Amino acid sequence: MRAAIYVRVSTLDQNVDNQLDELKKYVQLRGWPEAVVYADHGVSGSKDRRPALDDLLKAARRRDIDVVVCWRLDRLGRSLRHLLNVLQELEALGVGFISLGEGLDLTTPGGRLHMHLLGAFAEFERCRIQERVRAGLARARRAGKRLGRPPRRITSRELQLTRDLSLRAAARELGVSSTHVHRARRAAAERSATSSNSDGAEHV
C-alpha cells in the first residue's frame with residue numbers, strides 16, 4: 001500500500017509534529033512503506049482549496065497513492081460538504097482513507113457504511129436549509145417585501161464619463177451588467193429628447 005499522510009495546522013505558529021508522529025507510527029505498524037507527507041501550514045480547514053491538499057488529490061488522480069491517512073477528520077475539512085466531496089472523490093478513485101481520531105477506515109465495509117451515513121446526514125441538512133429558505137422567501141412575499149439586491153443606480157455623471165465606451169466596457173467600469181448600462185443610456189436619451197421637445201414647443 002502506497003500511503004499518503006495529510007496534516008494541517010491553522011496558524012503558522014503551530015506545528016504538525018504531534019500529528020506526524022502518530023501517523024508515521026500507524027503507517028509503520030501497518031507494514032506500509034514510508035508515506036509521502038502533505039502538510040498545509042497556516043491554512044484554515046474552512047478553505048476548500050489548499051496547496052498540500054490540492055497536491056494530494058492530484059497524486060490520487062494519477063494513482064500514485066493507495067490510501068490517505070489523517071489525524072482527525074477536521075484536519076481534512078471543517079465543512080461537511082467539502083469533507084464528503086473529498087472522501088467521495090477518493091473512493092471513486094479507488095483510494096482508501098483512514099482517520100485515526102475517529103477510528104474511521106474507509107478501506108473496510110464498516111468504514112464505507114459510516115461515510116454513507118455522513119452523506120445521508122449532509123443531504124438531510126441541505127434539504128432542511130432549502131426548506132427554511134423557501135419558507136422565508138414565501139413570508140417575505142406575503143409581507144410585500146421586495147426580494148433580492150436593490151438595483152444599482154447609474155448616475156448622470158457616470159453615464160457622462162463612460163459615454164464613449166462600448167456597452168461591455170462601460171459595464172465593466174461601473175461594475176454592472178451590459179443590460180443595465182443599455183437601459184440607463186436609453187432612459188437618459190429619452191429624457192434628453194423629451195427635454196428638447198419641451199424647449200422647442202416653448203419657442204414656437
Side-chain angles (χ1 to χ4, degrees), residues 6 8-14 38 40-62 73-93 118-204:
Y6 178 73
R8 180 187 63 78
V9 287
S10 301
T11 60
L12 291 173
D13 60 345
Q14 295 175 306
Y38 295 86
D40 275 314
H41 297 269
V43 183
S44 169
S46 63
K47 292 182 180 294
D48 289 359
R49 301 299 304 272
R50 299 171 229 154
L53 181 59
D54 290 347
D55 288 343
L56 184 150
L57 291 175
K58 288 175 186 174
R61 292 169 194 139
R62 293 194 304 266
L73 282 174
D74 66 0
R75 299 299 89 195
L76 191 65
R78 294 284 178 83
S79 157
L80 181 57
R81 173 194 57 78
H82 177 239
L83 183 62
L84 283 171
N85 286 343
V86 173
L87 294 180
Q88 286 166 354
E89 180 172 3
L90 291 175
E91 183 182 40
L93 293 169
L118 286 175
F121 282 123
E123 180 61 28
F124 174 71
E125 182 58 22
R126 276 196 296 272
C127 291
R128 290 278 305 275
I129 291 170
Q130 289 171 355
E131 287 175 359
R132 288 197 292 268
V133 169
R134 283 195 291 266
L137 291 173
R139 281 196 303 273
R141 289 192 190 98
R142 286 196 298 271
K145 292 181 180 178
R146 180 170 184 159
L147 301 176
R149 190 181 300 173
R152 157 88 155 81
R153 182 176 175 276
I154 300 176
T155 66
S156 299
R157 176 173 172 75
E158 287 173 329
L159 284 175
Q160 182 70 14
L161 291 172
T162 58
R163 69 183 185 280
D164 295 328
L165 299 178
S166 67
L167 280 176
R168 185 174 296 179
R172 190 164 51 246
E173 183 69 24
L174 298 173
V176 297
S177 67
S178 299
T179 304
H180 199 151
V181 175
H182 175 68
R183 287 175 183 160
R185 286 180 174 178
R186 186 174 61 187
E190 289 172 355
R191 286 195 300 271
S192 178
T194 301
S195 175
S196 298
N197 291 338
S198 299
D199 292 344
E202 289 173 1
H203 287 87
V204 172

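Fair warning: this is a prediction, and the values are worked out from it, not measured in the lab.
Side-chain atoms of D55 do not come within 3.5 Å of backbone N or O of Y38 as any donor-acceptor pair.
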task = Report the C-alpha separation of L53 and H82 in whole Å, then their side-chain angles, then the decisive distance to 0.1 Å, and conclude whether the side-chain contact (heavy atoms from CB on, under 4.5 Å) test is met.
result = CA-CA 12 Å; L53 181 59; H82 177 239; 3.8 Å; yes
task = Carefully, step by step, assess L159 and R163 under the rule side-chain contact (heavy atoms from CB on, under 4.5 Å).
result = CA-CA 6 Å; L159 284 175; R163 69 183 185 280; over 6 Å; no
task = Could you give me the CA-CA distance, side-chain angles and deciding distance for R185 and L167, then say whether side-chain contact (heavy atoms from CB on, under 4.5 Å) is met?
result = CA-CA 9 Å; R185 286 180 174 178; L167 280 176; 3.7 Å; yes
task = Tell me, with the steps shown, if E173 and E158 meet side-chain contact (heavy atoms from CB on, under 4.5 Å).
result = CA-CA 10 Å; E173 183 69 24; E158 287 173 329; over 6 Å; no
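Here the shortest heavy-atom pairing between A171 and S178 reads CB-N, 3.6 Å. Closest heavy-atom contact between A184 and I154: CB-CD1, 3.9 Å. The shortest non-hydrogen separation linking Y6 to R50 is OH-NH1, 3.0 Å. Heavy atoms only, all atoms of each residue included: L90 and A60 are closest at CD2-CB, 3.9 Å.
Partners of D74 according to the side-chain hydrogen bond (donor to acceptor under 3.5 Å, both in side chains) rule, which considers only residues two or more places apart in sequence or in another chain, are R72. Take S177 and apply the side-chain hydrogen bond (donor to acceptor under 3.5 Å, both in side chains) test, not counting sequence neighbours, and it matches no residue.
Residues E91 and L87 are not in side-chain contact: their nearest non-hydrogen atoms beyond the backbone lie 4.5 Å or more apart.
In this structure, CZ on R153 lies 9.5 Å from NE2 on H180, to the nearest 0.5 angstrom. A distance of 8.5 Å separates CG in L174 from CG in L161, rounded to the nearest 0.5 Å. Here L57 contributes atom CG and R62 contributes atom CZ; the two are 11.0 Å apart, rounded to the nearest 0.5 Å. Separating the CG atom in L56 from the CG atom in L76 is a distance of 8.5 Å, to the nearest 0.5 Å. Put simply, NE2 on H182 and CZ on R186 are 4.5 Å apart, with the number rounded to the nearest 0.5 Å. Considering CZ of R49 and CG of D54, their distance stands at 4.0 Å, rounded to 0.5 Å.
When only modelled atom types and interatomic distance are considered, R8 and S10 share a side-chain donor-acceptor pair under 3.5 Å.
Around CZ of R61, the count of heavy atoms belonging to other residues, nucleotides or ligands within 6.0 Å exceeds 12.
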